[in-house]
Amino acid sequence: MMTDDEIGEQIRGRGLEEEYIRELMASLGFDPAEGFTNDGIEALDNASMEQRRKAALRTLALGEDHPPAEGSDEGDAGPLES
């Protein structure tokens, strides 16, 4: 099982940060296409670590064929900030 830091490295290394935020928003009941509302931002801020982890793992699964971001060294990113 990957650690939270390893998951974060994978997401950043593949350039999936925006996809992760969209996935987390959707999992919290918000439509990412509607943009960031005050309620949506509050929900993101208050999402539990388990909700964040599940969204991150779904993002990685959906982005399996996504190449690393241009100019990135996959696996060389630092830990997720909290």
Side-chain angles (χ1 to χ4, degrees):
M1 177 183 275
M2 286 195 294
T3 67
D4 291 344
D5 287 343
E6 290 169 333
I7 293 169
E9 289 173 6
Q10 289 289 314
I11 287 175
R12 284 186 297 279
R14 296 181 191 181
L16 297 172
E17 296 94 331
E18 289 181 26
E19 288 82 353
Y20 162 68
I21 294 297
R22 287 187 198 106
E23 182 64 34
L24 181 55
M25 283 187 74
S27 72
L28 297 170
F30 294 89
D31 183 355
E34 292 180 8
F36 290 100
T37 63
N38 287 335
D39 289 340
I41 292 169
E42 184 176 336
L44 287 172
D45 287 343
N46 294 318
S48 70
M49 288 307 294
E50 186 61 26
Q51 289 170 313
R52 294 169 189 256
R53 182 178 178 79
K54 286 180 181 179
L57 290 173
R58 281 192 304 271
T59 301
L60 288 177
L62 293 171
E64 281 182 347
D65 294 327
H66 195 287
E70 185 176 318
S72 72
D73 293 325
E74 188 168 339
D76 197 30
L80 284 174
E81 294 182 23
S82 48

A.B. asks: Where the side chain of Q51 meets the backbone of S48, is there a donor-acceptor pair that is under 3.5 Å apart?
C.D. replies: yes
A.B. asks: Which residue pairs pass the side-chain hydrogen bond (donor to acceptor under 3.5 Å, both in side chains) test when at least one of the two sits in residues 29-46, sequence neighbours left out?
C.D. replies: none
A.B. asks: Under the rule for side chain to side chain donor-acceptor pair (under 3.5 Å), what residues qualify as partners of E18, not counting sequence neighbours?
C.D. replies: R22
A.B. asks: Can you list everything that forms a side-chain contact (heavy atoms from CB on, under 4.5 Å) with L44? Sequence neighbours excluded, please.
C.D. replies: I21, L24, M25, L28, F36
A.B. asks: Looking only at heavy atoms, which two atoms of I11 and A56 are closest? And how far apart?
C.D. replies: CD1-CB, 3.6 Å
A.B. asks: So, using side chain to side chain donor-acceptor pair (under 3.5 Å) as the criterion, who are the partners of E17 when residues are at least two apart?
C.D. replies: none
A.B. asks: What distance separates T3 OG1 from E6 CD, expressed to the nearest 0.5 Å?
C.D. replies: 3.5 Å
A.B. asks: Could you note down all residue pairs passing salt bridge (Lys or Arg N to Asp or Glu O under 4.0 Å) where residues 49-59 supplies at least one of them, sequence neighbours left out?
C.D. replies: D4-R53, E23-R58
A.B. asks: Considering only heavy atoms from C-beta outward, does the side chain of L60 approach that of M2 to under 4.5 Å?
C.D. replies: yes
A.B. asks: To the nearest 0.5 Å, what is the distance between OH (Y20) and CG (L62)?
C.D. replies: 14.0 Å
A.B. asks: Rounded to the nearest 0.5 Å, what separation is found between the CG atom of L16 and the CD1 atom of I7?
C.D. replies: 13.0 Å
